[in-house]
J.: 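Here it is, the structure in full.
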2 protein chains.
Amino acid sequence: MQEKLKNIKLFSVLGDDALSLLANYFKVVNHKKGTILIHAEKVEPYFYILETGIARAYSDGENQQITFWFGQAGDVLLSYNSYINNKPGYENIELLEDSVLYQIHLHDLFELYNQHLALANWGRKIAERELIATENRLIDRSFKDAKERYRDFIVQSPNLIKRVALKHIASYLGVTQVTLSRIRSACK
Amino acid sequence: MQEKLKNIKLFSVLGDDALSLLANYFKVVNHKKGTILIHAEKVEPYFYILETGIARAYSDGENQQITFWFGQAGDVLLSYNSYINNKPGYENIELLEDSVLYQIHLHDLFELYNQHLALANWGRKIAERELIATENRLIDRSFKDAKERYRDFIVQSPNLIKRVALKHIASYLGVTQVTLSRIRSACK
DNA sequence: GTCTACATTTTACAAATGTTAAAAAATAGA
DNA sequence: TCTATTTTTTAACATTTGTAAAATGTAGAC
């Protein structure tokens, strides 16, 4: 397991001692495309890292779902409100492809955080990086119009464009599918 | 200093040992209204906690500034990209009132993170909480129209409505000042 | 192949928001 | 208090985006 974890970029900053500790608790799991790994309104007790596959996080509204995050190989999947506050989360996470994941129980992870300094700081950086990315997306919503956001998305996530339904990309970009379709036809 | 820090909610989860460690490095600083405490495009080496006052974080565009965050008493002010990547950040942070702050050098803070387990986990939670708040704001941009976002803002941040210029609130809500003005006059 | 379900595009119209400019109101300093 | 400056509002018009419904495209089951 330790060898497998070593291949994940997220773990590359960790020393062998931290890695071997983690390896004791991580477990490989496989899930089919369409699996809802994390459910909104529930306390979800697992922390996952995606080895292969694609995932999306979304929230349910009255008439629509809003996809606000995509996960790719090496990314962390979890219910942040479960993780931080031990309370039901706001996000569903769906696997958009058959996936292989590494799974650890939050209980174990927190135990490790409280035992191992390097791991606690590693966990800190995971959240900090995600925060910067999210804050930048929020800022882009104001600075850039939908066309620019779509163009940026194509450049920054060419692999997602190919593999993810446009309706999900539309809501990720903050527009309806009709608007995205208009943008796409104007680009031809 | 330790007694002062104890009054900040952010520190309430810390034990006396962690707090006294921190207290050795934190320093009280005063700044006038209008001070730009954190500059975009620069590596900013300090981590601040606001004791009294109000602050806003904004990014500069070609024709406009986008305010994407407000800080109040007890909140953390820093350049996340300086903090995490030791690289120039994207945010300016301006004090909107005369303020009292606690200041610590990032170098010292990281030293503490690498010495003290409880502090490393405390730093983790700071970022995690901010992440949840930011992610929720991003989701709200899609689910709610400007009128709803304004109403929510009034309810959730009544103190900011009173003390912050409407032009800043407009860009925080993701609309122009003209649109916010229309919303406000329709609410009367 | 044909059927079915689902995804995407297109169309026409409606609603929301942006742009620009100007007026009005509020505020800070002298 | 008065002036100068800034903030906020208002107006007219342009643009973007949303909504609903129909048309088209796509993939898999049979």
Side-chain angles (χ1 to χ4, degrees), chain A residues 32-36 54 56 58-59 61-68 70 94-98 137-154 160-188, chain B residues 32-36 53-54 56 58 61-68 70 94-98 137-154 160-188:
Chain A
K32 288 276 175 202
K33 171 179 175 169
T35 302
I36 310 293
I54 289 190
R56 73 175 181 113
Y58 65 94
S59 278
E62 289 165 27
N63 314 309
Q64 49 176 345
Q65 291 181 343
I66 299 295
T67 296
F68 59 88
F70 289 116
E94 176 189 5
L95 299 177
L96 300 177
E97 300 179 350
D98 292 353
R137 284 188 53 218
L138 184 66
I139 294 169
D140 278 357
R141 283 275 174 104
S142 293
F143 274 128
K144 296 175 181 169
D145 63 18
K147 191 182 295 177
E148 284 181 275
R149 297 203 298 275
Y150 174 66
R151 285 193 183 135
D152 290 352
F153 185 80
I154 292 175
L160 290 178
I161 278 284
K162 289 176 216 148
R163 292 153 74 187
V164 175
L166 287 172
K167 62 178 177 180
H168 296 143
I169 293 171
S171 85
Y172 179 84
L173 295 174
V175 294
T176 61
Q177 192 175 0
V178 175
T179 296
L180 179 56
S181 205
R182 280 194 277 241
I183 289 167
R184 284 162 54 81
S185 72
C187 282
K188 284 170 191 165
Chain B
K32 288 277 176 201
K33 170 177 174 171
T35 302
I36 310 292
I54 290 191
R56 73 174 180 115
Y58 66 95
E62 289 164 27
N63 314 308
Q64 50 177 344
Q65 290 181 342
I66 299 295
T67 296
F68 58 88
F70 289 116
E94 177 190 5
L95 300 176
L96 301 177
E97 299 179 350
D98 293 351
R137 284 188 52 220
L138 184 65
I139 294 169
D140 277 357
R141 283 275 175 104
S142 293
F143 274 128
K144 297 174 180 170
D145 63 17
K147 190 181 295 176
E148 285 181 274
R149 297 202 298 275
Y150 174 65
R151 286 194 182 133
D152 290 352
F153 184 80
I154 293 175
L160 290 179
I161 277 285
K162 288 175 217 149
R163 293 154 74 185
V164 175
L166 288 172
K167 62 178 177 180
H168 296 145
I169 292 172
S171 85
Y172 179 84
L173 295 174
V175 294
T176 61
Q177 191 175 1
V178 176
T179 296
L180 178 57
S181 205
R182 281 194 278 240
I183 289 167
R184 284 163 54 82
S185 73
C187 282
K188 281 171 192 164

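Within every chain, numbering begins at 1; the chains are lettered A, B, ... in the order of the sequence lines, protein sequences first and strands thereafter. Quick caveat, the model's predicted, so the values are computed rather than measured.
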J.: Compare every heavy atom of A:Asp152 with every heavy atom of A:Lys144, then report the nearest pair and how far apart it is.
T.: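 Answer, listing the atom of A:Lys144 first, then A:Asp152: NZ-OD2, 2.7 Å.
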
J.: For the helix from C:dG1-D:dC30 to C:dA30-D:dT1, how many degrees between its two end axes (five pairs per end), to the nearest 10°?
T.: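 One end's axis against the other's: 40°.
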
J.: For A:Tyr150 and C:dT8, what is the distance between atoms OH and P respectively, to the nearest whole Å?
T.: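 After rounding, the gap between these two atoms is 11 Å.
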
J.: Roughly how many Å is it from CG in B:Leu173 to P in D:dT8, rounded to a whole number?
T.: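 One finds 13 Å between P of D:dT8 and CG of B:Leu173, rounded.
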
J.: Should A:Arg184 be listed as having a side-chain N or O under 4.0 Å from OP1 or OP2 of C:dT9?
T.: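 Yes, because at least one side-chain N or O of A:Arg184 sits under 4.0 Å from OP1 or OP2 of C:dT9.
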
J.: If you only use heavy atoms from C-beta on, which nucleotide in D:dT8, C:dA7, C:dT10 is closest to the side chain of B:Ser181?
T.: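 From the listed options, D:dT8 comes nearest.
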
J.: Take atom CG of B:Leu166 and atom P of D:dT6, then tell me their distance rounded to the nearest Å.
T.: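 Checked: the CG to P distance equals 17 Å.
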
J.: Between protein and nucleotides 23-30 of chain C, what N or O pairs are separated by less than 3.5 Å?
T.:
none

J.: Please report the distance, rounded to the nearest Å, between CZ in A:Arg163 and C1' in C:dA7.
T.: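 Between C1' of C:dA7 and CZ of A:Arg163: 19 Å.
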
J.: Distances under 3.5 Å between protein N/O atoms and the N/O atoms of nucleotides 15-22 of chain D, please, pair by pair.
T.:
from: D:dG18; atom 1: OP2; to: A:Thr176; atom 2: N; distance (Å): 3.1
from: D:dG18; atom 1: OP2; to: A:Thr176; atom 2: OG1; distance (Å): 3.0
from: D:dG18; atom 1: OP2; to: A:Thr179; atom 2: OG1; distance (Å): 2.4
from: D:dG18; atom 1: N7; to: A:Arg182; atom 2: NH2; distance (Å): 2.6
from: D:dG18; atom 1: O6; to: A:Arg182; atom 2: NH1; distance (Å): 3.1

J.: A:Ser142 and B:Ser171: which non-hydrogen atoms are nearest, and at how many Å?
T.: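 That closest heavy-atom pairing would be OG-O, 4.2 Å.
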
J.: Take the protein atom NZ of A:Lys167 and the nucleotide atom C1' of D:dT26, then report the distance between them rounded to whole Å.
T.: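 It works out to 14 Å between those atoms.
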
J.: If you apply the rule side chain to side chain contact (heavy atoms under 4.5 Å, CB included), what do you find for A:Gln65 with A:Glu94, and how did you get there?
T.: CA-CA 12 Å; A:Gln65 291 181 343; A:Glu94 176 189 5; 5.6 Å; no

J.: Tell me whether A:Arg137 forms a cation-pi arrangement with A:Tyr172, defined as NZ or CZ under 6.0 Å from the six-membered ring centre and within 45 degrees of its axis.
T.: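 Yes, A:Arg137 sits over the ring of A:Tyr172.
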
J.: Applying the side-chain contact (heavy atoms from CB on, under 4.5 Å) criterion to A:Leu96, which one of A:Ile54, A:Leu160, A:Thr67 satisfies it?
T.: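 Passing option: A:Ile54.
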
